Amino acid sequence: NAGVTQTPKFRVLKTGQSMTLLCAQDMNHEYMYWYRQDPGMGLRLIHYSVGEGTTAKGEVPDGYNVSRLKKQNFLLGLESAAPSQTSVYFCASSYSGAGNQPQHFGDGTRLSIL
Amino acid sequence: QKEVEQDPGPLSVPEGAIVSLNCTYSNSAFQYFMWYRQYSRKGPELLMYTYSSGNKEDGRFTAQVDKSSKYISLFIRDSQPSDSATYLCAMEYGKLTFGQGTILTVHP
């Protein structure tokens, strides 16, 4: 079972470059999420989606954009990368937003901005 | 003040020890309480979740919630080297709010 797959796994960018992180899930989940994980900060929600064609802002959305054109895919874009966006990015999905529905995570994308 | 506080550790214990991991929170609206385990260079995976105050047991793991004190704990009995990971508490009210994570090492 693939579950949640994130590509790429590693990337180094220069300040000002743009890139897109791809998340794909094969569990037919409605909800998808993008988090960033930084030392001492835990996981912080960037954006999320409650279904195909919908997106919403999370706790730290500035500098990021997202799209959910297909139910199984959730894209995270950095238009002009900044060193403060150096982080590990995790995508997650869940069947619904109910509290008893676990979020399933991918293995992360490690992004360095020089 | 963060909504969820978790001691980052690191915590190092010998194999077979009882481990206690703790989180405090400030938002009384939180309804679901979860523990995720994250191995190095992997994504978090759900270990346990609870809804109400009290204890919930699953094998060597016990999750405890005290809503009156806004305090949750995860106990690991007979800890094993394979338990070495980062443990994240998480709480839900509309969205998940995570603690900072505690790094646990169980040495043989």
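Note that the structure is a prediction, hence the values are computed from the model and not measured. Residue numbers begin at 1 in each chain, while the letters A, B, ... track the order of the sequences.
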key: Separation of B:Leu46 CG from A:Gln101 CD (nearest 0.5 Å)   = 10.5 Å
request  = Using the rule that two of Ile, Leu, Val, Met, Phe, Trp, Tyr join whenever any of their side-chain heavy atoms come within less than 4.5 Å, decide whether B:Val4 and B:Leu96 are in one cluster.
outcome  = no
ask   = Is it the side chain or the backbone of B:Met34 that comes within 4.5 Å of chain A heavy atoms, both, or neither?
value = side chain
request  = Decide whether B:Phe61 and B:Ile72 are clustered together by the hydrophobic rule: side chain heavy atoms of Ile, Leu, Val, Met, Phe, Trp, Tyr closer than 4.5 Å, transitively.
outcome  = yes
key: Which atoms of B:Gln6 approach chain A - backbone, side chain, both or neither, heavy atom under 4.5 Å   = neither
Minimum heavy-atom distance between B:Arg41 and A:Phe10, given as atom pair plus value = NH1-CE2, 3.8 Å
key: B:Gln100 portion near chain A, given a 4.5 angstrom heavy-atom threshold   = both
Return a table of donor-acceptor pairs under 3.5 angstrom between the side chains of residues 15-24 of chain B and protein atoms on other chains or two or more places apart.
| from | atom 1 | to | atom 2 | distance (Å) |
| --- | --- | --- | --- | --- |
| B:Ser20 | OG | B:Asn22 | OD1 | 3.3 |
| B:Asn22 | OD1 | B:Tyr71 | OH | 3.2 |
| B:Asn22 | OD1 | B:Ser73 | OG | 2.9 |

inquiry  = How about NZ on A:Lys9, more than 12 heavy atoms from neighbouring residues, nucleotides or ligands closer than 6.0 Å, or not?
reply    = no
Max heavy-atom pair count under 4.5 Å with chain A, selected residue of B:Tyr36, B:Tyr93, B:Tyr39, B:Phe33 = B:Tyr36
inquiry  = Please determine whether residues A:Met19 and A:Trp34 belong to a single hydrophobic cluster, defined as Ile, Leu, Val, Met, Phe, Trp and Tyr linked transitively by side-chain heavy-atom distances below 4.5 Å.
reply    = yes
key: Among the listed options A:Gly40, A:Ala92, A:Cys91, A:Gly108, the residue most often paired with chain B at heavy-atom distances under 4.5 Å   = A:Gly40
message = For A:Tyr95, is the OH atom crowded, meaning more than 12 foreign heavy atoms sit under 6.0 Å from it?
response = no
ask   = Which bit of A:Gln103 comes within less than 4.5 Å of chain B, counting heavy atoms only: side chain, backbone, both or neither?
value = both
ask   = Would a hydrophobic clustering, with Ile, Leu, Val, Met, Phe, Trp and Tyr connected at side-chain separations under 4.5 Å, put B:Val65 with B:Trp35?
value = yes
remark   = Note: B:Lys42 and A:Arg110 closest approach over all heavy atoms is N-NH2, 4.2 Å
note = Turns out that what part of A:Tyr35 lies under 4.5 Å from chain B's heavy atoms comes down to side chain
message = To check you understand the geometry: which heavy-atom pair defines the closest contact between B:Gly43 and A:Asp107, and what is its length?
response = N-OD1, 3.1 Å
ask   = Do A:Leu78 and A:Leu75 belong to the same hydrophobic cluster, where Ile, Leu, Val, Met, Phe, Trp and Tyr are linked whenever their side-chain heavy atoms lie under 4.5 Å apart, directly or via other members?
value = no
